S.K.: 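Have a look at the structure that comes next, please.
Chain A is the first sequence line, chain B the second, and so forth, proteins listed ahead of strands; every chain is numbered from 1. No experiment lies behind these values; they were computed from the predicted model shown.
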2 protein chains.
Amino acid sequence: MNTTRTINLKNRPTGKPELTNFDITTSEIPAIKQGEVLLSTKYVSVDPYLRGRMSDAPSYIPPFELNKPIASGIIAEVLESNTSSFNKGDFVSGMLQWKETQVAKADGLMKVDPDKAPLSAYLGILGMTGLTAYLGLTEIGKPKKGETLLVSGAAGAVGSIVGQIGKILGLKVVGIAGSDEKTEMLKSEFGFDETINYKTTENMSEAIGKACPDGVDVYFDNVGGEISEAALFNINKFSRTVNCGAISVYNNTKPPKSISVQPFLVKKSSLMQGFVVFDYVDKHPEGIRQLAEWLSQDKLKYAETIREGFENIPQAFLDLFEGKNKGKMVVKL
Amino acid sequence: MNTTRTINLKNRPTGKPELTNFDITTSEIPAIKQGEVLLSTKYVSVDPYLRGRMSDAPSYIPPFELNKPIASGIIAEVLESNTSSFNKGDFVSGMLQWKETQVAKADGLMKVDPDKAPLSAYLGILGMTGLTAYLGLTEIGKPKKGETLLVSGAAGAVGSIVGQIGKILGLKVVGIAGSDEKTEMLKSEFGFDETINYKTTENMSEAIGKACPDGVDVYFDNVGGEISEAALFNINKFSRTVNCGAISVYNNTKPPKSISVQPFLVKKSSLMQGFVVFDYVDKHPEGIRQLAEWLSQDKLKYAETIREGFENIPQAFLDLFEGKNKGKMVVKL
C-alpha cells in the first residue's frame with residue numbers, strides 16, 4: 001500500500017463544528033527513515049479539547065493548520081520499524097495523525113500490551129482520559145475521605161472515572177449527566193451515590209443542594225456554563241474546583257457570561273484551577289501505574305462508545321457535543 | 001463617665017449602604033469583671049468587608065445583628081484593668097465595638113507600642129490590612145522574581161501595600177486605580193512601574209495588555225467586576241489570581257454576571273483563589289514581623305485617610321465605596 005487516506009482541517013468552525021470543516025484526501029506514504037516506524041491505525045480517540053485546536057485562538061496547545069491532518073491520541077500497529085525501540089507487530093500509543101497508515105518518529109510513541117488490557121483502553125482509562133481524571137482530582141481537587149465530590153459531565157469519559165476514584169478514596173460522590181439512562185448507569189455501573197439529570201431539573205442549584213446536604217468540597221467541572229453557576233451556590237469553605245473542561249461553551253462564538261465567581265471564591269476561601277493533563281507529564285507514569293492497579297483489582301470500570309470506520313471519525317467527534325457518547329468515544333478502523 | 005455612645009446596625013442595606021442603616025444610641029457602661037478591661041476608643045478601622053456583615057447572607061464571618069453594635073478593628077487605651085495582661089495607659093488592638101468607651105475581655109486583645117509606629121498603623125500596615133496584602137500575595141500569588149504583578153484597587157489600603165511588596169520581591173508591578181491623582185501617587189510614592197486609570201480608559205483589556213507586555217503572572221484582585229474581566233484576557237499560563245475582594249459588586253442586590261472564567265482557567269492552567277486573612281492566623285506573627293522589618297528599613301510606605309469624630313464613622317465607611325480614601329481609611333476619636 002503506497003497511499004493512505006487522511007482527514008484534514010478544511011476550514012475553521014465558527015460555533016458548532018460541522019462535517020464540512022473536514023475533508024478526506026489521499027496521499028502517498030513516504031519511505032521510513034532511521035528512527036521511524038510505519039504504522040497502521042487501529043483506534044482513534046476523539047475528545048472535546050480538539051475543538052480548541054480547530055480555532056486559531058491561542059490555547060494550551062497550538063491550533064491545527066488548515067489543509068493539514070488532524071491529530072489525536074491513536075493506537076497503531078507497527079508494520080515496519082527502522083528503530084530498535086519497536087518491532088513489527090508491536091502496538092503503540094501516541095499523538096498521531098488521522099491517517100489510515102503513516103510514518104512516525106519513534107520518539108514520543110509508547111508500547112502498549114494488548115494482553116494486559118484491550119487496545120482501546122490505552123486511549124481511555126489507561127491513557128490521557130484516565131490520567132486527566134486521576135491527576136486532575138488528586139493534584140487540584142485534593143480530595144479527603146468523607147468529603148463530598150460533585151462531578152459534571154459525569155457520564156463522559158473523564159467524569160465516569162473521576163467519580164469512581166472519588167469512591168475509592170472514600171468520598172460521597174454526586175454526578176450530573178444529561179439523561180436518565182446515563183444517571184442510572186452512574187449509579188448501577190460506577191457506584192455514584194447520587195445523580196442529577198440536568199435536562200429534567202428546573203432548579204439546578206437547589207437540586208445540587210439536596211444531593212449534597214453537607215455542601216460541595218470538590219467540584220470536578222467538565223462542562224462550565226449554567227451547571228457550574230449552580231454549583232457555586234453550594235461550595236463549602238476551602239472547596240476546590242477542578243476546571244477540567246467547559247464543553248458547554250466550547251462552541252460559543254463569543255466569551256459567554258455567567259454569574260461572577262469572585263464574590264463566591266472570596267466568601268468561601270475557595271479555589272478554582274484550570275487543569276491540563278499535559279502540564280503533569282512527570283506524574284503520568286505514577287498515574288498509569290495506579291490506574292492499572294485499580295483496574296486489575298476490579299475497582300475501576302470504564303464505559304466506551306466504539307464507532308467503526310475511518311471516514312466516520314469526524315461524525316464521532318461531532319457527536320461528543322450532543323452527548324451521544326457514554327464514557328470514552330473511540331473509532332475503530 | 002457612666003454612659004457611652006454606640007453605633008448600631010439599624011437595618012440591613014439592600015444595595016448601597018446608607019447613613020440610615022445606622023443609628024447612634026447611648027447606653028450605660030457596665031462595671032468591669034475579672035479578666036476584663038475598660039477601654040477608650042482611639043482609632044476605628046472602616047473596611048469594605050464590613051458590607052458583607054451588614055447582610056444576613058452567609059459569609060466567612062457571621063452577620064451583624066440588628067440593633068446591636070457594629071464591630072471592626074479598633075485601637076483603644078486601657079482606662080482600667082482587671083487582668084494582669086494589661087495596665088492602665090496601655091494601648092491595645094482588637095476586634096471591638098463601635099463605642100466611645102467599652103468593657104472588653106482581655107483575651108483577643110493585643111498590646112501595641114505607640115513608640116514603634118503611630119497607633120493608626122496597627123490598623124493598617126501592621127494590622128489586618130498589611131497582613132492581607134502580605135499573606136494574600138505570598139500564600140496564593142506565590143510571586144517569583146521577574147514576573148508581572150497586576151493589582152486592582154491599587155490605591156486602596158491593601159493594594160498600595162501589595163504593589164510595594166511586589167517591588168521588594170523583584171516583580172514588575174502594574175496598578176489600576178480610579179483617578180489621575182491616585183495613579184500618580186502609585187508611581188511617585190509607592191514605586192509602581194505602570195498604572196492605569198480605569199475611569200478614563202475605554203478598553204481596559206487592551207490597556208492591561210499594553211502595560212503588561214509579558215502578560216500577567218499574578219493578579220491581586222480587590223475589585224471584581226469589569227476590571228477582573230479585562231484582566232482575564234491577559235493572564236499567562238500558570239498565572240495566579242488572588243481574589244481578595246470584590247468591592248465593585250458588594251452592593252449588587254443580585255449576583256452580577258460577567259465573562260465566564262472557566263474557559264480562561266482551562267486554557268491557561270490558571271488558578272483563582274479566595275483569600276481571607278482570618279484563615280491564616282498561624283502566619284500572622286511572621287507576617288507582622290516581616291512587615292515591621294520592611295517598614296523600619298523604609299522599604300514600605302503607607303497612605304492613610306484619617307477622618308475625625310465618633311459620629312462620622314458611618315460616613316467614612318460609606319465613602320470607601322466612592323473611592324474617597326487613599327490608602328487605609330481610619331476614624332480618629
Side-chain angles (χ1 to χ4, degrees), chain A residues 48-49 52 55 57-61 136 140 152 205 215 219 221-229 231-233 235 237-250 252 254-280, chain B residues 48-49 52 55 57-61 136 140 152 205 215 219 221-229 231-233 235 237-250 252 254-280:
Chain A
Y49 83 89
S55 301
S59 185
Y60 54 84
I61 28 175
I140 296 178
S152 64
S205 165
Y219 173 41
D221 184 7
N222 289 305
V223 302
E226 286 175 18
I227 291 173
S228 299
E229 285 192 345
L232 274 180
F233 290 91
I235 56 172
K237 178 99 178 164
F238 301 123
S239 54
R240 291 82 65 197
T241 294
V242 187
N243 296 117
C244 182
I247 193 171
S248 74
V249 301
Y250 281 172
N252 288 35
K254 55 180 190 174
K257 295 252 171 187
S258 49
I259 287 175
S260 296
V261 301
Q262 289 88 349
F264 292 89
L265 298 186
V266 175
K267 271 189 192 171
K268 297 295 185 178
S269 302
S270 183
L271 175 148
M272 298 184 89
Q273 190 170 353
F275 174 82
V276 176
V277 70
F278 308 113
D279 296 338
Y280 294 82
Chain B
Y49 82 88
S55 301
S59 184
Y60 54 84
I61 30 179
I140 295 178
S152 64
S205 164
Y219 172 41
D221 184 8
N222 289 303
V223 303
E226 286 176 16
I227 291 172
S228 300
E229 284 192 345
L232 274 181
F233 290 91
I235 55 172
K237 177 97 180 166
F238 301 124
S239 54
R240 291 80 65 198
T241 294
V242 187
N243 295 116
C244 182
I247 193 172
S248 73
V249 301
Y250 281 171
N252 288 36
K254 55 180 192 174
K257 294 251 172 187
S258 49
I259 287 174
S260 296
V261 301
Q262 289 87 348
F264 292 89
L265 298 186
V266 175
K267 271 188 192 174
K268 298 293 185 178
S269 302
S270 184
L271 175 148
M272 299 184 89
Q273 191 171 355
F275 175 82
V276 176
V277 70
F278 309 113
D279 296 337
Y280 295 82

S.K.: Below 4.5 Å, heavy atoms only, C-beta onward: do A:Thr241 and B:Met272 meet side chain to side chain?
M.R.: no

S.K.: Taking side chain as everything from C-beta outward and backbone as N, CA, C, O, which of these in B:Ser270 sits under 4.5 Å from a heavy atom of chain A? Side chain, backbone, both or neither.
M.R.: backbone

S.K.: Closest approach of A:Gln262 and B:Val261, non-hydrogen atoms and distance?
M.R.: NE2-CG1, 4.3 Å

S.K.: Of the backbone (N, CA, C, O) and the side chain (C-beta and beyond), which part of B:Tyr280 lies under 4.5 Å from a heavy atom of chain A, both, or neither?
M.R.: neither

S.K.: Under 4.5 Å between any side-chain heavy atoms of B:Phe238 and A:Asp279, yes or no?
M.R.: yes

S.K.: Could you measure the distance from the NZ atom of B:Lys257 to the OG atom of A:Ser258? Nearest 0.5 Å is fine.
M.R.: 6.5 Å

S.K.: Relative to chain B, which of A:Leu265, A:Ile140, A:Asp221 shows the most heavy atom pairs under 4.5 Å?
M.R.: A:Leu265

S.K.: At a heavy-atom distance under 4.5 Å, which candidate from A:Leu271, A:Leu232, A:Val242 has the highest pair count against chain B?
M.R.: A:Leu271

S.K.: Shortest non-hydrogen contact from A:Val276 to B:Ser269?
M.R.: CG2-OG, 3.7 Å

